[in-house]
Amino acid sequence: MGGCISYRGGGAVIRSLKSKLTILALLLGLLLISLDGWRTLYLLEQRTMDRLMREADIEGVRMAGSLQYFFRNAMKMAAEMETSHAALVQDLNLVLVCDERGIVRHSTQIQWQGRKLNDTPLGNVSAEVVRQVQEHMEGTIIRDQAAGNVIGAFPFFTTYDDRDRGVLLLDFDASAALERARGDALRESMLRACLLGAACVLLWLVLDWLVTERVEELLRFTTVARSGVEAVAPRPRQDELGIIAQSFVEAVHDIRSAELRQMEVAEQERRRIGADMHDDVCQRMVAAQLKSGVLESVLQREGHAQASLANTVASDLMMAVKVTRGFARGLAPMLVQKGRLAEALSHMAETLSASFSVRCDQEYQAGSRSLGVWVDTHIFRICQELAVNAAKHAKPSLIRIRVTYDERQLRLEVLNDGLPKMETPIGKAGVGLEFVRQRVRALGGRFDIHSGANGVGSEACCEVRLLPIHYEDEPMQTEGNLFSTVAS
């Protein structure tokens with residue numbers, strides 16, 4: 001339909017807002033996951049070290065007791081097997097069994113057997129630590145920060161002589177255990193990140209369902225209602241957006257009612273001014289014309305040369321009366337009030353042609369039923385405003401007014417062959433066009449104005465879907481207004 005208004009209601013903005021909210025939730029979630037990941041990693045590292053130190057203590061005490069029994073009873077093979085079995089303990093990298101002289105008697109790595117403790121990878125354990133362990137006969141756990149290991153030193157008696165004291169050294173590889181802890185923390189963080197991504201997708205869909213679609217529906221309503229096209233009100237809902245939408249609908253309805261009242265008051269004022277012009281100004285001008293005619297007769301009888309001037313004044317007054325009566329009929333179109341819209345349009349075309357020296361044609365095709373007086377009034381005013389606007393600004397040689405309607409649709413067109421229409425955004429048009437849009441809204445129709453074919457002149461079109469209310473004489477007596485009727 002020619003008067004359709006395209007909707008550009010800020011969907012990109014809404015989608016951008018939805019994206020910002022989703023991205024903000026994603027970033028916040030990633031920040032929380034990162035912080036929790038660092039915390040989890042710290043706790044896992046602490047637990048890993050605590051576990052290694054606890055295992056070193058338990059395994060060291062157990063092996064020291066067993067080795068003491070094997071050494072005292074010269075059970076070399078049993079001691080060798082005990083040491084070999086220790087290699088199966090998780091994260092236990094190296095076991096050294098040293099006698100009272102510091103010679104490695106047994107080891108999980110055979111190349112260190114028979115060597116001094118200082119020549120082994122655990123030679124970095126200070127002699128003071130080993131001496132204290134052997135002296136106090138109490139095990140100790142050492143955490144080697146540089147090597148990333150946990151070393152346990154445990155004393156035992158190699159013979160039944162209390163002076164023969166050996167030492168058991170256990171080297172647990174903390175770096176491998178910590179690497180596994182970091183892997184576990186990373187996997188847990190990745191799992192949470194995946195859950196966060198799924199939650200953000202769900203949030204996107206929920207925002208699209210709960211917010212975006214409804215805000216776009218509200219934007220469509222306000223944009224279309226502002227343009228004067230029929231607008232369907234958003235569905236009523238009992239939440240914050242529903243309350244806002246209902247407030248918008250009520251505000252639009254109030255504005256439409258105010259426009260109708262304003263136009264009714266303005267129409268009454270036009271009729272009053274037109275009646276005053278016809279009954280007062282025109283009568284005075286007619287009287288002045290008659291007096292000028294009498295003055296011309298007197299001057300001619302007396303032979304005055306100014307008799308022709310009196311005749312000219314009488315002719316000018318007669319023309320002024322004709323023009324003024326045309327203006328009066330335009331301000332107070334009594335023919336419209338009597339349901340004779342075609343005649344009113346014809347008189348308007350004649351007045352326009354005389355006032356602006358432009359050819360003005362009109363065509364009127366009525367349906368089987370007569371429209372209400374208020375509809376005829378709006379049609380007349382719309383045609384009048386558009387035709388006068390074209391005559392003033394487009395400098396045309398021809399203006400054509402066409403009004404046709406049937407049982408279902410009314411179509412009004414005002415065409416001219418003058419200058420093409422300048423593009424003007426909605427809300428930035430002149431007062432006249434804004435009044436036209438108000439009247440179109442009052443009728444519940446669509447309005448569009450654009451340049452003519454090949455860029456010559458302009459074409460203004462108004463289309464109205466006819467309803468029962470359009471055939472009533474007093475729309476203001478109906479419950480609500482036409483806009484609410486059309487929107488519902």
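Nothing fancy with the numbering, it's 1 onward along the sequence. Scope of the values below: all heavy atoms of this structure, side chains included, with no hydrogens, waters or symmetry mates.
- The backbone N or O of Pro420 sits nowhere less than 3.5 Å from a side-chain atom of Ser458 that would complete a donor-acceptor pair.
- Remark: side-chain polar atoms of Ser247 are paired, donor with acceptor, to backbone N or O of Ile243 under 3.5 angstrom.
- Summarising the geometry, atom CG belonging to Leu345 is positioned 12.5 Å from atom CG belonging to Asp361; distances are rounded to the nearest 0.5 Å.
- For Asp173 (side chain) and Ser175 (main-chain N/O), a donor-acceptor pair under 3.5 Å exists by modelled atom type.
- Distance alone, capped at 3.5 Å, is enough to place a donor-acceptor pair between the His470 side chain and the Leu443 backbone.
- Between the side chain of Asn416 and the backbone N or O of Pro396, no donor-acceptor pair lies under 3.5 Å.
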- request: Evaluate the side chain to side chain donor-acceptor pair (under 3.5 Å) criterion for residues Glu407 and Ser368: first the C-alpha distance (whole Å), next the side-chain angles of each, then the deciding distance (0.1 Å), finally the verdict.
  value: CA-CA 7 Å; Glu407 292 295 325; Ser368 58; 2.3 Å; yes
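- Inter-residue side-chain proximity for Asn149 and Phe172 is flagged as unmet; no heavy-atom pair is nearer than 4.5 Å.
- Note: Asn311 CG to Leu295 CG = 10.5 Å, rounded to the nearest 0.5 Å.
- Within the model, atoms CG of Leu412 and NE2 of His378 stand 12.5 Å from one another, a figure rounded to the nearest 0.5 Å.
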- prompt: Stepwise, does the salt bridge (Lys or Arg N to Asp or Glu O under 4.0 Å) test hold for Lys392 with Glu385?
  reply: CA-CA 11 Å; Lys392 285 183 178 179; Glu385 180 61 40; over 6 Å; no
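- Residues Ala460 and Phe447 come closest through the heavy atom pair CB-CE1, 4.2 Å.
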